[in-house]
Structure formats: C-alpha cells, structure tokens
Amino acid sequence: MISAQAWADAQRLWDFQQMGHEPRPCSVAIGLGSHDLGVADTTADLYHLGMMPLIVFTGATSRTTRDRVPRGEAEHYRERAVALGVPAGAILVESRARNTGENIRFSRVLLEEQGVPVASVMLISKPYEERRAYATARKLWPEVEWVSASTPMTLTGYVDSIGDARLVLDMLAGAQQRLMVYPRQGFMIEQHIPDDVAAAYERLRDAGFTSRLVPDEPSS
C-alpha cells in the first residue's frame, strides 16, 4: 500500500516537474526517447499544430526499453509519428543516445550535419521529466531557446497508463534527485528547489522509493 503522504509527495514532485511553458513555434522539436510512446504522439500533435517544421527523435535502447522498442526508441517514435500523419521527410532519427545528455549532444550534432539553423527547440519529454530535460538541455546547448512540452495529463492518469504506481513514484523520486545532484556534477544547470519539494523528495526516499536513484557523487 502507498500511503496518503507518499501520494501527496509524489503530486508535489509531479507539479514541480511541469515547466508550464506555452507551446509556440520553434525551429525544430527534439523528442526524447524512452518507453513512453506518448512522447511521439504529443510530438505529432504539436507538428500538426504548426509548432515546428522538423522533428528529431533521439534514443537507442536500454534495459528498460529493449523489450518494448527492440528497433530502438527513436525508430519506434518515427514509425508512430508517421502513422499519425507526420511526413517521413520531416523526421530525423538519432539512434545512438542512451541518456538525456547524449540525446541533446547527438541531436545537436545531427542538426549541424544536416545544415539546419536552430534558434529555438521544442523539447518533448515524459511528463515527470520536463524540468530535468530542460535543465540538461540548457547546460549542454545554452545558445538556443528551449520550450518544454509533454503529454498533458494528471499524475493519476499517468499511473493508470503505466500500470505500476510504485514504479511511477520511484521514477519521480529519481527525476527529482537528479535535479539536486547533477548540477554539481556538471550535467545540468542549477535550479532553485523549494523547501517543500526537497522535503517531499526526502520523504519518498526515506519511504523506500529508491530504485531509480543514482549515487550522490560520480564513481571514480
């Protein structure tokens, strides 16, 4: 059983991850690969709204995605977007990245190789990782304007879509911990963490929602 306090803490972290950016036209979209095909769906929706002329889907596979997307996260995203009416010619595939930092770096290289001028990027991620993705992108490619986006949904709706409440709370704790740890490791920009958000994370950690946590310091 998950306690009422744990649910309240998860909701606080969920709310904090939402950047609250209004979608607006950008030079390109970058859809971050994962197990969640909702990222591809939302990218397609935004494309049809005229928010970008070009999409980069980025992601290889990982131990958590190889069974669901055996041909690679980015390739499955491309197939999904094409099935939703996005022209194949409007999609670039970056199929090597295995973490968020590589998603950004490798997508930037791909766009430069293709000669695509980029002033702004619509960064599309899972709902519980908007802020983490934004902080990473700002660190690695500070010259462009970043607009965060994800599938509009509630925490309860996301839990229902995943079918594993404990896993979702583990992932929320992991995303929040990275916002607190990764800036001093040089992986993302520093952001202000409100006291109630930090306390919510600490309670979830102490309650055992730890499967997605990383070491507080990089291994030597």
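Residue numbers count from 1 along this sequence.
Rounded to the nearest 0.5 Å, atoms CG (Asp9) and CD1 (Ile2) are 11.5 Å apart. Rounded to the nearest 0.5 angstrom, Tyr128 OH and Tyr158 OH are separated by 5.0 Å. Taking CD1 of Ile124 as the start and OG1 of Thr43 as the end, the distance is 3.0 Å to the nearest 0.5 Å. Atom CD of residue Gln18 and atom CH2 of residue Trp14 lie 6.0 Å apart, to the nearest 0.5 angstrom. Between Leu169 atom CG and Arg212 atom CZ the span is 12.5 Å, to the nearest 0.5 Å. Interatomic distance, Leu84 CG to His48 NE2, rounded to the nearest 0.5 Å: 6.5 Å.
Counting only heavy atoms from C-beta outward, the side chains of Glu94 and Phe57 never approach each other to under 4.5 Å. By the 4.5 Å heavy-atom criterion applied to side chains, Thr151 and Val39 are not counted as neighbours. Put simply, the side chain of Trp141 reaches to within 4.5 Å of the side chain of Leu111, judged on heavy atoms. In this structure, Val82 and Ile91 have side chains that are in contact, with non-hydrogen atoms separated by less than 4.5 Å. Using a 4.5 Å heavy-atom cutoff, the side chains of Pro127 and Gln17 are not in contact.
When hydrophobic clusters are built by joining Ile, Leu, Val, Met, Phe, Trp and Tyr residues whose side-chain heavy atoms come closer than 4.5 Å, directly or via intermediates, Met19 is not grouped with Met51. Residues Leu155 and Val197 share a single hydrophobic cluster, defined by chaining ILVMFWY side chains whose heavy atoms lie under 4.5 Å apart. Taken together through direct or relayed side-chain contacts under 4.5 Å among Ile, Leu, Val, Met, Phe, Trp and Tyr, Val93 and Val116 form parts of separate hydrophobic clusters. Cluster membership for Val86 and Val28, using ILVMFWY side-chain heavy atoms within less than 4.5 angstrom, is not shared. In this structure, Leu204 is a member of the same hydrophobic cluster as Leu213, with clusters built from ILVMFWY side-chain heavy atoms closer than 4.5 Å.
Taking the side chain to side chain contact (heavy atoms under 4.5 Å, CB included) definition, one finds that Glu129 meets it with Lys126, Arg132, Ala175, sequence neighbours left out. Judged as a ring pair (Phe, Tyr, Trp, His ring centres under 6.0 Å), and not counting sequence neighbours, Phe106 has no contacts.
A side-chain donor-acceptor contact under 3.5 Å links Glu102 to the backbone of Arg98. Side-chain atoms of Thr136 never come within 3.5 Å of backbone atoms of Thr100 as a donor-acceptor pair (strictly under, hydrogens ignored). With hydrogens and angles ignored, the 3.5 Å screen pairs a side-chain donor or acceptor of Ser3 with a backbone N or O of Ala6. Not one N or O on the side chain of Glu75 forms a donor-acceptor pair closer than 3.5 Å with the backbone of Arg78. Side chain of His76 to backbone of Ala40: no donor-acceptor contact under 3.5 angstrom is found. Ser95 contributes no side-chain N or O that, together with a main-chain N or O of Ala60, makes up a donor-acceptor pair within less than 3.5 Å. At least one donor-acceptor pair under 3.5 Å links the side chain of Tyr77 to the backbone N or O of Asp36.
Around atom CG of Asp164, more than 12 heavy atoms belonging to other residues, nucleotides or ligands sit under 6.0 Å away. The 12-atom threshold is not exceeded at CZ of Arg138, counting heavy atoms of other residues, nucleotides or ligands nearer than 6.0 Å.
Taking both residues in full, the closest heavy atoms of Ala149 and Met122 are given as CB-SD, 3.9 Å, listed atom of the first, atom of the second, then distance. Between Ala97 and Thr58, the shortest heavy-atom contact is CB-OG1, 3.5 Å. Considering every non-hydrogen atom in both Ala133 and Leu32, the closest pair reads CB-CD1, 3.6 Å. Nearest heavy-atom pair across Glu190 and Pro183 is OE1-CB, 3.4 Å. In this structure, Arg12 and Ala200 approach most closely via the heavy-atom pair CB-CB, 4.2 Å. Contact between Leu172 and Ala10 at its shortest, heavy atoms only, is CD1-O, 3.7 Å.
Between Thr42 and Tyr47, the side chains place no donor N or O within less than 3.5 Å of an acceptor N or O (distance only, hydrogens not considered). Side-chain contact of Ser150 with Glu130: a donor-acceptor pair under 3.5 Å is present, judged by distance alone. Donor-acceptor pairing under 3.5 Å is recorded for the side chains of Arg131 and Gln191. Side-chain contact, Ser120 with Glu145: no donor N or O sits under 3.5 Å from an acceptor N or O.
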List the steps, then state whether side-chain contact (heavy atoms from CB on, under 4.5 Å) holds for Trp7 with Val159.
-> CA-CA 11 Å; Trp7 278 115; Val159 168; 4.0 Å; yes

For the pair Leu179 and Tyr201, evaluate side-chain contact (heavy atoms from CB on, under 4.5 Å) and give the outcome as yes or no after the intermediate values.
-> CA-CA 11 Å; Leu179 286 173; Tyr201 159 71; over 6 Å; no

Step by step, work out the side-chain contact (heavy atoms from CB on, under 4.5 Å) result for Thr210 and Asp170.
-> CA-CA 6 Å; Thr210 58; Asp170 278 345; 5.7 Å; no

Could you check Gln177 against Arg205 for side-chain contact (heavy atoms from CB on, under 4.5 Å), going step by step and ending with a plain yes or no?
-> CA-CA 9 Å; Gln177 185 217 20; Arg205 178 199 62 198; over 6 Å; no

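When each of Leu54, Ile55, Leu49 is tested with Met52 by the rule side chain to side chain contact (heavy atoms under 4.5 Å, CB included), just one qualifies, namely Ile55.
The distance between the ring centers of His21 and Tyr134 falls below 6.0 angstrom.
Arg178 forms no cation-pi arrangement with Phe187, by the criterion of a distance under 6.0 Å to the ring centre and an angle within 45° of the ring axis.
Ionic pairing of Arg108 and Glu143 is present here: one or more N-O contacts between side-chain nitrogen and carboxylate oxygen are shorter than 4.0 angstrom.
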